[in-house]
S.K.: 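Below you will find the structure I want to go over with you.
The structure presented is a predicted model; accordingly, all values stated were derived computationally and were not measured.
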Amino acid sequence: MQSSKQAHAPLMLPYAQWKSWPERIRHFTPAWHAVIMGTGVVSALLNDFPYGQSNDNFKLAGCVFFILNLILFVFICICSFLRYVLNPDVFWLMIGHPAQSLYIGCFPMGFATLINSALALNQNWGFGGSGFLYVLWGFWWLDSALSYLVCYGMIYTMVVRHEHSISNMAAVWLLPVVTLVVASSTGGLIAQAIKVHSHTSALVTTAFSFTMLAMGLAFALMMITIYLLRLLIRGVPDPGLILSAFIVLGPLGQGGFSLLINGNAISELLPLHIQGDFPQSALAGQMIYAACFCASYALWSMGIAWIVVAVCSIYHVVRVRRTTLHFNMAYWGLVFPNGVFALLTVELSRVLDSGFFRVVGSLWSALVFLLWGAIFVRSIPPFIDGTLFKAPCLPDGSVAAQLLPTVHTHAPHPAPAAAHGEKSDVRDSFADRNFM
């Protein structure tokens, strides 16, 4: 039962209780890059909004969000750099945390959204010309390398450094592997823009993007299966983990969007030489595009199904368990998954020239705009007083020199069956209120 003091906590602490900036820097976590991801996807939705493209109002708004996102990116990178320079031991504490460390994947994904927005600026307004386009192409290769490093590096870390079990499995496991899916969609966008300058460069970019997409989507679908198994045998997660249920929409929406973008690019790049058999058949590119469309529609349908699962899970925690979801950085994890699902819906409306998908995509985009605005405004008071800065690997605010354990063992202990026929669960030390 929540205490009355916790239930009626003030929106902002008194000035005397504000956290100092050195302390904020020490508690600055990789989860802050989710702000970059959310703001970046809003910029992308404004550039691709199905209606009102006869004027430049939405595109101008997308440029404004791009500038805001660039400012946030610089601020977050500076704070992250200072955190590990001033507190070197904190890095290893963060790496050893089985949940917080996975948010490292938000860095290359946030970087990819900046590349997407800059590419839209180049294509819509001709900013920087072909030289700037090739600079963005170079940044994409850098982002792809970082995505591979994060994906396989964190999988290795999860295997050899963390201790995991089905009972503590959460959707945040997806964050390192989704980096490949996000980078692949950026590659498809760049391939479409660069093909007028170099057919070979566009083909290499598309082929590399398909490879990343296959790897990332394969890992993601495996982990989604494990997460569904966790829900079936253990019930819904604790309140600190429940909002992460929407993270599953990320690989589904971004994966479907990437399939359509790269499929469209390959349909214009193949065949290189027309002969009778695949892949030199005149219809080779269109055949691949058709397969990509079928797969993307399947992912869109899976996304709809998972929205139902996520909403029901959150309803169970809030209404049945009557638990208050206190505001923290976890809320920012809602924006990007819903945003990329809206992008997929809008792209399907273009491929099918469908009024249904156009309306649904517009409504979902509007929902993402409202969600971003509400979370951004709600983040201002805790940002000012410093309560938004909280590192789970330093739960008591102690200095890093205390050397908290870097490998978390989960000693199972019996838990009484909950009311309303809920399943018993093994509670883990990190799956607490503010795991981000």
S.K.: To the closest 0.5 Å, what do you measure between CG (N264) and CD (Q286)?
M.R.: 8.5 Å

S.K.: Between the main-chain N or O of S43 and the side-chain N or O of N47, is there a donor-acceptor pair closer than 3.5 Å?
M.R.: yes

S.K.: Run Y103 and W32 through ring-ring contact (aromatic ring centres under 6.0 Å, His included) and show every step you take.
M.R.: CA-CA 9 Å; Y103 284 89; W32 276 84; over 10 Å; no

S.K.: Should L344 and L260 count as side-chain neighbours, where that means a heavy-atom distance under 4.5 Å?
M.R.: yes

S.K.: Apply side chain to side chain contact (heavy atoms under 4.5 Å, CB included) to the pair L217 and L180, showing each step before the final yes or no.
M.R.: CA-CA 8 Å; L217 202 53; L180 296 177; over 6 Å; no

S.K.: Compare every heavy atom of F66 with every heavy atom of L121, then report the nearest pair and how far apart it is.
M.R.: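 Closest pair (atom of L121, atom of F66, distance): CD2-CE2, 4.2 Å.
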
S.K.: Is it possible for you to check whether R83 lies under 6.0 Å from the centre of the six-membered ring of F28, through NZ or CZ, and within 45° of that ring's axis?
M.R.: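 Cation-pi check for R83 and F28: fails.
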
S.K.: For residues 227-254, which residue pairs qualify under ring-ring contact (aromatic ring centres under 6.0 Å, His included), counting only residues two or more places apart or in two chains?
M.R.: Y227-W306

S.K.: Check P337 against V340 and note the closest heavy-atom contact, atom names and distance.
M.R.: O-CG2, 3.2 Å

S.K.: Minimum heavy-atom separation for W332 and S379, please, with both atom names.
M.R.: NE1-OG, 3.1 Å

S.K.: Measure across S147 and P108 and return the closest heavy-atom pair with its distance rounded to 0.1 Å.
M.R.: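 Heavy atoms only, the tightest pair is OG-CB, 3.8 Å.
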
S.K.: Per the ring-ring contact (aromatic ring centres under 6.0 Å, His included) rule, which among F107, F336, F75 passes with H33?
M.R.: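 Option passing the ring-ring contact (aromatic ring centres under 6.0 Å, His included) with H33: F107.
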
S.K.: Listed by chain and number, what are the side chain to side chain contact (heavy atoms under 4.5 Å, CB included) partners of D48, not counting sequence neighbours?
M.R.: L343, R350

S.K.: Which heavy atom of A191 sits nearest a heavy atom of T206, and at what distance?
M.R.: CB-OG1, 3.2 Å

S.K.: Return the CG to CZ distance between L213 and F257, rounded to the nearest 0.5 Å.
M.R.: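 These two atoms lie 12.0 Å from each other.
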
S.K.: Go through the steps to decide whether K19 and L13 satisfy the test side chain to side chain contact (heavy atoms under 4.5 Å, CB included), and finish with yes or no.
M.R.: CA-CA 10 Å; K19 190 175 292 185; L13 296 178; over 6 Å; no

S.K.: Which heavy atom in S185 sits nearest to a heavy atom in V182, and how many Å separate them?
M.R.: OG-O, 2.7 Å

S.K.: As a quick check of understanding, evaluate side chain to side chain contact (heavy atoms under 4.5 Å, CB included) for M37 and V335, giving each step before the final call.
M.R.: CA-CA 8 Å; M37 296 168 58; V335 182; over 6 Å; no

S.K.: Mind checking whether H162 and H164 have parallel, tilted or perpendicular rings, split at 30° and 60°?
M.R.: perpendicular

S.K.: Where does the angle between the aromatic ring planes of W141 and W137 fall among parallel (under 30°), tilted (30 to 60°) and perpendicular (over 60°)?
M.R.: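 Correct class here is perpendicular.
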
S.K.: Mind telling me whether F341 and W364 have parallel, tilted or perpendicular rings, with 30° and 60° as the class edges?
M.R.: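 Aromatic pair W364/F341 classed perpendicular.
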
S.K.: If you measure only the distance, is there a donor-acceptor pair under 3.5 Å linking the side chains of N168 and S165?
M.R.: yes

S.K.: Say you draw a straight line from CE of M222 to CH2 of W173; how long is it, rounded to the nearest 0.5 Å?
M.R.: 13.5 Å

S.K.: Under the side chain to side chain contact (heavy atoms under 4.5 Å, CB included) test, which residues partner C294, sequence neighbours left out?
M.R.: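 Partners of C294 by the side chain to side chain contact (heavy atoms under 4.5 Å, CB included) criterion come out as none, since no residue qualifies.
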
S.K.: Can you tell if the side chain of R321 reaches within under 4.5 Å of the side chain of V236, non-hydrogen atoms only?
M.R.: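 R321 vs V236: side chains touch.
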
S.K.: To the nearest 0.5 Å, what is the distance between CD on Q192 and CG on N262?
M.R.: 8.0 Å

